[in-house]
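Throughout, a chain's letter reflects where its sequence line sits, starting with A, and its residues are numbered from 1. On a predicted model such as this, the values are computed, not experimentally measured, just so you know.
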There are 2 protein chains.
Amino acid sequence: MAQSWQDIHKEALRRIHSREWAPDTLIPNEADLAEEFGCSRATVNRALRALAEAGWLERRRKAGTRVARAPQRRAQLAIPLLREEIEARGQRFAHRILSRSRSKMPSPLRAALGLSDDAPVERVQTLYLADGHPFALEDRWVHLSAAPGFETAELEKTSPNEWLVQHAPFSHGTLDYSAAPAGDFEAEQLGCAPGTALLCMQRSTFGPGDHAATLVTTHFAPNHRVRLEI
Amino acid sequence: MAQSWQDIHKEALRRIHSREWAPDTLIPNEADLAEEFGCSRATVNRALRALAEAGWLERRRKAGTRVARAPQRRAQLAIPLLREEIEARGQRFAHRILSRSRSKMPSPLRAALGLSDDAPVERVQTLYLADGHPFALEDRWVHLSAAPGFETAELEKTSPNEWLVQHAPFSHGTLDYSAAPAGDFEAEQLGCAPGTALLCMQRSTFGPGDHAATLVTTHFAPNHRVRLEI
DNA sequence: TAGTGGTCTAGACCACGGC
DNA sequence: CCGTGGTCTAGACCACTAG
């Protein structure tokens, strides 16, 4: 037989595509498949687990493994550093700190992050440039106790984006994309007309233990696209 | 000892966060870690492989395992059926076929999909409604040989979105998000002013063997958000 | 409570790719 | 070459949960 888990993965995917294994129906259990393919159960497990992680199968102990009713695929987005995204286009990266302050964080934002009222927070607004043209406008709130040393970081040398990735790796968070018309400030900084449709990204990250770390709102220059791989 | 792979996963993540294992440096090999944790190498492998898939580690044969320089995390988007997305909000789902035709596909679009000029293509425009209010406007091109039976499908009963997911599972593709001002048609259908900033999703899917399957452009009603989990 | 997937082990061989 | 991760095995025990 000499089956590798990738062979089994491929064959299982073929059966799903061909509806030989129909949506919402049980497939044979691991032991039976191991016998059919002439390999050990661990090998079958490896293949089926990969398919389950990709959303093709749903597995539950005792209940068995079934083909997902609507194979709800997942798309993956590799979150790039702005520097890398710009340099990957063959453009020159630069950034400009527009403002930096220890201002009070508005209550709604605090609530969204689950921060107490007296948590020390720093706000930094940054413009990112590609070949000297505005690329993205970033408005970042950083919870200082989650990023020790940030308040003294030389952000003119290392952009906030890069500093935080290198010094305060986060563990989880959310990323929201939406469309928003450019306000006067965004229009001025990004060099477009007020009201222009801009892609807007809002990202909140949390460190280990659900401690809020950062809240970032980024407006991209007009016509920006985000690509996800399915 | 009694270590599970998740224990090792957690401990390794702790060492990465604490910079005990610094970015861009090698960590001990699997055999050594297995001895340290008092478990088998396979268990260590399971933990480190998960960390590599999540972007924390980079592994190469012979070269060993190193902490990623900039732990480039990946965000995951669960692509929902519009029906499920709407019903999950507790709203009533409905859809309306606006047009359906076997019109010629514009050359630029054909090129984007890698289709020959004579490939049979059907175009369907659909409006999706939540509680009777416009939710999304979809413009879909379907490559008929990749979706046999689509031309005779009763799309008034089963929306194109659902029909294709159930009858022609795709294997891979891309998803692009951007912001676009509402044109006259989008504004009329979605019930907003022309020029309103709309979130726009463009999705191309391919079946097994890189055969083009569908190209879909969706404009969402104003203020729509897409959430990704990190 | 019995069946299923989840996991661990100890050992083995292999593929890749620095050196 | 030869160290490293990638994978497979045969068997075992465990955790969850449907019936």
Side-chain angles (χ1 to χ4, degrees), chain A residues 1-16 20-69 71-72 74 76, chain B residues 1-16 20-69 71-72 74 76:
Chain A
M1 295 295 183
Q3 300 284 356
S4 74
W5 74 267
Q6 310 199 29
D7 292 332
I8 298 175
H9 183 277
K10 226 180 294 180
E11 169 62 12
L13 206 48
R14 188 194 66 75
R15 294 187 186 180
I16 294 171
E20 193 171 329
W21 286 349
D24 208 25
T25 61
L26 285 176
I27 72 173
N29 67 30
E30 293 189 349
D32 290 346
L33 288 173
E35 190 178 0
E36 175 190 343
F37 290 118
C39 64
S40 74
R41 188 166 77 87
T43 305
V44 173
N45 180 283
R46 180 82 161 85
L48 298 191
R49 184 159 42 81
L51 287 168
E53 282 169 5
W56 291 105
L57 298 176
E58 290 169 3
R59 320 193 72 196
R60 274 155 64 201
R61 284 161 155 140
K62 167 72 179 178
T65 300
R66 64 178 59 244
V67 179
R69 193 179 54 76
Q72 171 168 312
R74 299 183 179 83
Q76 277 215 336
Chain B
M1 293 294 183
Q3 300 284 356
S4 73
W5 74 267
Q6 310 202 25
D7 292 331
I8 297 175
H9 182 279
K10 227 180 292 181
E11 169 61 11
L13 206 48
R14 189 195 63 75
R15 293 185 186 181
I16 294 170
E20 193 171 329
W21 286 349
D24 209 24
T25 62
L26 285 174
I27 72 173
N29 66 32
E30 292 187 349
D32 290 347
L33 287 173
E35 190 179 359
E36 175 191 342
F37 290 118
C39 65
S40 74
R41 188 165 78 88
T43 306
V44 173
N45 180 281
R46 180 83 161 86
L48 297 192
R49 184 159 42 81
L51 288 169
E53 282 169 4
W56 291 105
L57 297 176
E58 290 169 3
R59 321 194 72 196
R60 277 155 62 202
R61 286 163 154 135
K62 167 71 179 177
T65 300
R66 67 178 59 245
V67 178
R69 193 178 53 77
Q72 170 170 310
R74 298 181 182 84
Q76 278 213 336

K.L.:
Whenever both distances are under 3.5 Å in a Watson-Crick or G-U wobble pair, mark it; put DNA chain D into dot-bracket that way, with [ ] for crossing pairs and | when the partner is on another strand.
P.N.:
||||||||||||||||||.

K.L.:
Which nucleotide span of DNA chain D, 5' end to 3' end, has atoms closer than 4.0 Å to non-hydrogen atoms of chain B?
P.N.:
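In short, chain B contacts DNA chain D from D/dG3 to D/dT7.
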
K.L.:
Residues of residues 52-60 of chain B with any non-hydrogen atom less than 4.0 angstrom from an atom of DNA chain C: list those, numerically ordered, please.
P.N.:
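By residue number: B/Arg60.
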
K.L.:
Shortest non-hydrogen contact from A/Gly64 to A/Leu26?
P.N.:
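Closest approach of A/Gly64 to A/Leu26: C-CD2, 4.2 Å.
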
K.L.:
Do A/Ile16 and A/Ile27 have side chains that approach each other closer than 4.5 Å (heavy atoms only, starting at C-beta)?
P.N.:
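Answer no - side chains too far apart.
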
K.L.:
Please list, by residue number, the residues of residues 24-34 of chain A whose heavy atoms come closer than 4.0 Å to an atom of DNA chain C; answer none if no residue qualifies.
P.N.:
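Within residues 24-34 of chain A, the residues near DNA chain C are A/Asn29, A/Glu30.
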
K.L.:
A/Ala47 and A/Trp5: which non-hydrogen atoms are nearest, and at how many Å?
P.N.:
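For A/Ala47 and A/Trp5, the tightest heavy-atom pair comes out as CB-O, 3.4 Å.
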
K.L.:
Name all residues meeting the side-chain hydrogen bond (donor to acceptor under 3.5 Å, both in side chains) criterion together with A/Arg15; count only those two or more places apart in sequence or in a different chain, and write none if there are none.
P.N.:
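With sequence neighbours excluded, A/Arg15 shows a side-chain hydrogen bond (donor to acceptor under 3.5 Å, both in side chains) to A/Glu11, A/Glu36, given in chain and number order.
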
K.L.:
Check B/Glu20 with B/Arg14, please: is the shortest side-chain N to carboxylate O separation under 4.0 Å?
P.N.:
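Answer for the salt bridge query: yes.
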
K.L.:
For the atom pair CD (A/Glu53) and CG (A/Leu51), what is the distance rounded to the nearest 0.5 Å?
P.N.:
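With rounding to 0.5 Å, CD (A/Glu53) is 9.5 Å from CG (A/Leu51).
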
K.L.:
Testing B/Arg60, B/Arg59, B/Arg49 one by one against B/Thr65 for a side chain to side chain donor-acceptor pair (under 3.5 Å), which residue passes?
P.N.:
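That would be B/Arg59; it is the only one of B/Arg60, B/Arg59, B/Arg49 passing the side chain to side chain donor-acceptor pair (under 3.5 Å) with B/Thr65.
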
K.L.:
To the nearest 0.5 Å, what is the distance between OG (B/Ser40) and CZ (B/Arg46)?
P.N.:
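Reported value, rounded in 0.5 Å steps: 12.0 Å.
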
K.L.:
Can you measure from CD (A/Gln76) to CZ (B/Arg74) and round to the nearest 0.5 angstrom?
P.N.:
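Reported to 0.5 Å precision, the distance equals 6.0 Å.
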
K.L.:
Please find the pair of heavy atoms, one from B/Ser4 and one from B/Thr43, that lie closest to each other, and give the distance.
P.N.:
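Closest approach of B/Ser4 to B/Thr43, heavy atoms only: C-CG2, 4.1 Å.
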
K.L.:
Tell me, please, which residues at least two apart from A/Ala68 pass side chain to side chain contact (heavy atoms under 4.5 Å, CB included).
P.N.:
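Listed in chain order: A/Glu58.
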
K.L.:
Identify, between A/Ala63 and A/Arg46, the residue whose nearest nucleotide on DNA chain D lies closer to the 5' end.
P.N.:
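Upstream on the strand: A/Arg46.
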
K.L.:
Do A/Leu57 and A/Val67 come close enough that some side-chain heavy atom pair is under 4.5 Å?
P.N.:
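When only atoms from C-beta onward are counted, A/Val67 and A/Leu57 do touch, with a gap below 4.5 Å.
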
K.L.:
Do B/Leu33 and B/Leu48 come close enough that some side-chain heavy atom pair is under 4.5 Å?
P.N.:
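B/Leu33 reaches B/Leu48 side chain to side chain.
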
K.L.:
Which part of the nucleic acid, if any, lies within contact of A/Arg41, taking any heavy atom under 4.0 Å across all strands shown: a base, the sugar-phosphate backbone alone, or nothing?
P.N.:
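It contacts base atoms.
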
